[in-house]
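The structure appears below as structure tokens.
The sequence lines fix the lettering, A, B, ..., with proteins before strands; numbering per chain opens at 1. What you see is a predicted model; the values in this text were computed from it and never measured.
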Protein chains: 2
Amino acid sequence: MTILHDYWRSSASWRVRIALAVKGIVWESYSHDLTRNEQRDRDYLTLNPQGLVPSWQEADGWTVAQSVAILEYLEERFPTPALLPSAPRARAEVRSLVQTIACDIHPLNNLRVTRYLREHWQADDARVTDWLCHWMREGFIALEERARRQGSTRHLHGESLTLADVCLVPQLYNAKRFGCPLDDFPTLVGIGAYLSSITAFAETRPESHPGAPR
Amino acid sequence: MTILHDYWRSSASWRVRIALAVKGIVWESYSHDLTRNEQRDRDYLTLNPQGLVPSWQEADGWTVAQSVAILEYLEERFPTPALLPSAPRARAEVRSLVQTIACDIHPLNNLRVTRYLREHWQADDARVTDWLCHWMREGFIALEERARRQGSTRHLHGESLTLADVCLVPQLYNAKRFGCPLDDFPTLVGIGAYLSSITAFAETRPESHPGAPR
């Protein structure tokens, strides 16, 4: 059986769950409670020396970490339905949107970073929220502009589902979770609302994860 | 003519310059001085609403941002010499190394972030350096472990040059620039020393950039 090492509230893990659902791939969850630092357990560090989720582990033990690397791998191994366009320029545009979220928004908002700010910089909840919302806002300004220009109200790129959409919805979820204002991003919010109605997004949401609190 | 919008000291831009040199692609630099915030000029924001470097602009005006998206695009358009292996698992491993640097080290150390820490959190030079070195160390611990396991002393993945090497050298350059200790990372330092002797790395280094101070 293939295993996704994840955590119910990890938005990077959710990206992978969406792609797996779109492609109809069967998998099992191995949940690592980030609030208890279970992703730093010795056994898991052997699989993933970075000690982060998600990691993708196949039946023979082969494991790869980093959500975007996993998404690209799934795309190559299970190309249908495609989550990347076929034309090189369109593929580059989608990857650019993906990286805007996966590199320039999410890593700044990761639990390990906010923990560091609390422990080493004595940040309180208000300052942490300011931090989170600032970097989301910076990224969303660029994404809103790109989404507005291309004109689709259902997808972040073009008229079909891509990896950019797969990354957008978990990031919007984080924005709502931390109460970051989204008033300036009506295009993104509209796209997010449409995408959230798609089964692959709805059934993989954090609250539906087997590791979520009941 | 194709243009790389970059800045001499931007390590994400350097990644792209290395790949361009490896593949023998002819290009021109359009330099944006980040210390003067030139990457936020209105004309450039039209090309790249995120206001970051690098961006890749082709002769007909088509432009794409995000270094990793540009690297993947160059790989698809100019496949020889390859900077990604051909087997899906090996490709995933290389991309995982790339993302460890491009998502989990570099964005936390970006100039826009250290500026924010100085302006909003009153961070002085010492605290900024602690911050930079902390996130480099976190990432390097994982990279050193992966490099050590695979046994090559010349490349971060396997026995040939990949995008992982292309990302490693600029990150090691940043570590040295900010005085972050590298004693615990002998494998990475060794690989970096070998790679730095390769023409594509040596001739594209920041100090050789036309925009570098003389």
Side-chain angles (χ1 to χ4, degrees), chain A residues 12 45-46 48-52 55-56 58 62-77 87-89 91-100 102-108 110 112-113 116-117 120-121 123 127 130-131 134-135 138-139 141-146 148-149, chain B residues 12 45-46 48-52 55-56 58 62-77 87-89 91-100 102-108 110 112-113 116-117 120-121 123 127 130-131 134-135 138-139 141-146 148-149:
Chain A
L45 284 176
T46 307
N48 177 353
Q50 238 191 324
L52 296 171
S55 299
W56 177 248
E58 301 201 330
W62 179 79
T63 305
V64 67
Q66 287 289 341
S67 64
V68 175
I70 299 168
L71 293 172
E72 292 271 3
Y73 173 74
L74 295 175
E75 192 63 17
E76 293 185 354
R77 288 273 285 104
R89 282 187 172 186
R91 293 164 72 82
E93 289 160 4
V94 170
R95 285 178 171 131
S96 176
L97 295 161
V98 164
Q99 295 295 106
T100 296
C103 291
D104 287 336
I105 302 178
H106 179 257
L108 288 152
N110 209 306
R112 66 185 190 133
V113 176
Y116 185 91
L117 290 170
H120 296 265
W121 297 58
R127 296 214 87 178
D130 279 353
W131 170 269
H134 175 78
W135 299 114
E138 286 287 299
I141 287 171
L143 294 173
E144 175 75 15
E145 174 65 18
R146 293 210 225 169
R148 203 186 49 73
R149 280 187 203 169
Chain B
L45 285 176
T46 307
N48 177 354
Q50 239 193 323
L52 297 171
S55 299
W56 177 249
E58 302 201 331
W62 179 80
T63 305
V64 67
Q66 287 288 340
S67 64
V68 174
I70 298 168
L71 292 172
E72 293 270 3
Y73 174 74
L74 295 174
E75 191 64 15
E76 293 185 353
R77 288 273 286 104
R89 282 187 171 184
R91 293 165 72 82
E93 288 160 6
V94 169
R95 286 180 171 131
S96 175
L97 295 160
V98 164
Q99 295 294 104
T100 295
C103 291
D104 287 336
I105 302 179
H106 179 257
L108 287 152
N110 210 303
R112 67 184 188 133
V113 177
Y116 184 91
L117 290 170
H120 294 265
W121 297 56
R127 297 215 87 180
D130 280 352
W131 169 268
H134 174 78
W135 299 114
E138 287 286 300
I141 287 171
L143 294 173
E144 175 74 16
E145 173 66 17
R146 294 207 223 171
R148 202 185 51 73
R149 280 187 202 168

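- Interface residue Gln99(A): backbone and side-chain heavy atoms are both found under 4.5 Å from chain B.
- Contact of Glu93(B) with chain A is made through backbone and side chain together, with heavy-atom distances under 4.5 Å.
- For Leu97(B), no part lies near chain A; criterion is any non-hydrogen pair under 4.5 Å.
- Proximity to chain A involves both the backbone and the side chain of Val113(B), based on heavy atoms less than 4.5 angstrom apart.
- Trp135(A) places no side-chain N or O within donor-acceptor distance of the main-chain N or O of Pro107(A), the cut-off being under 3.5 Å.
- For chain B, the nearby parts of Trp121(A) are the backbone and the side chain; heavy atoms of each come within less than 4.5 Å.
- Residue His106(B) does not touch chain A at all, counting heavy-atom pairs closer than 4.5 Å.
- Most heavy-atom pairs under 4.5 Å with chain A: of the set Val94(B), Asp104(B), Asp130(B), this distinction falls to Asp104(B).
- In terms of heavy atoms, Ala92(B) sits closest to Val64(A) at O-CG2, 3.6 Å.
- Most heavy-atom pairs under 4.5 Å with chain A, from the set Ala69(B), Ala102(B), Gly51(B): that is Ala69(B).
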- Item | Step-by-step side-chain contact (heavy atoms from CB on, under 4.5 Å) determination, Gln66(A) to Val68(A) | CA-CA 6 Å; Gln66(A) 287 289 341; Val68(A) 175; 5.9 Å; no
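- Among Arg89(B), Arg127(B), Glu58(B), Glu72(B), the residue making the largest number of heavy-atom pairs under 4.5 Å with chain A is Arg89(B).
- Residue contact with chain A, scored on non-hydrogen atoms closer than 4.5 Å, involves the side chain of Arg149(B) exclusively.
- Only the side chain of Glu145(A) comes within less than 4.5 Å of a heavy atom in chain B; its backbone stays farther off.
- By number of non-hydrogen pairs under 4.5 angstrom with chain B, the leading residue of Ser96(A), Ala65(A), Pro88(A) is Ser96(A).
- Of the listed residues (Thr100(A), Leu108(A), Asn110(A)), the greatest number of heavy-atom pairs within a distance under 4.5 Å of chain B belongs to Thr100(A).
- For the set Tyr73(A), Trp62(A), Trp56(A), the count of heavy-atom pairs under 4.5 angstrom toward chain B peaks at Trp62(A).
- Closest non-hydrogen pair, Asn48(A) versus Ser55(A), comes out as ND2-OG, 3.0 Å.
- Ring geometry for Tyr116(B) versus Trp131(A): interplanar angle over 60°, hence perpendicular rather than tilted (30 to 60°).
- Highest contact tally toward chain A, considering only Ile141(B), Thr63(B), Leu117(B), Leu143(B), is held by Leu117(B) [criterion: heavy-atom pairs under 4.5 Å].
- Between Glu76(A) and Arg95(B) there is a salt bridge, since at least one side-chain N of the basic residue sits less than 4.0 Å from a carboxylate O of the acidic one.
- Residue Glu144(B): no heavy atom, backbone or side chain, is found under 4.5 Å from chain A.
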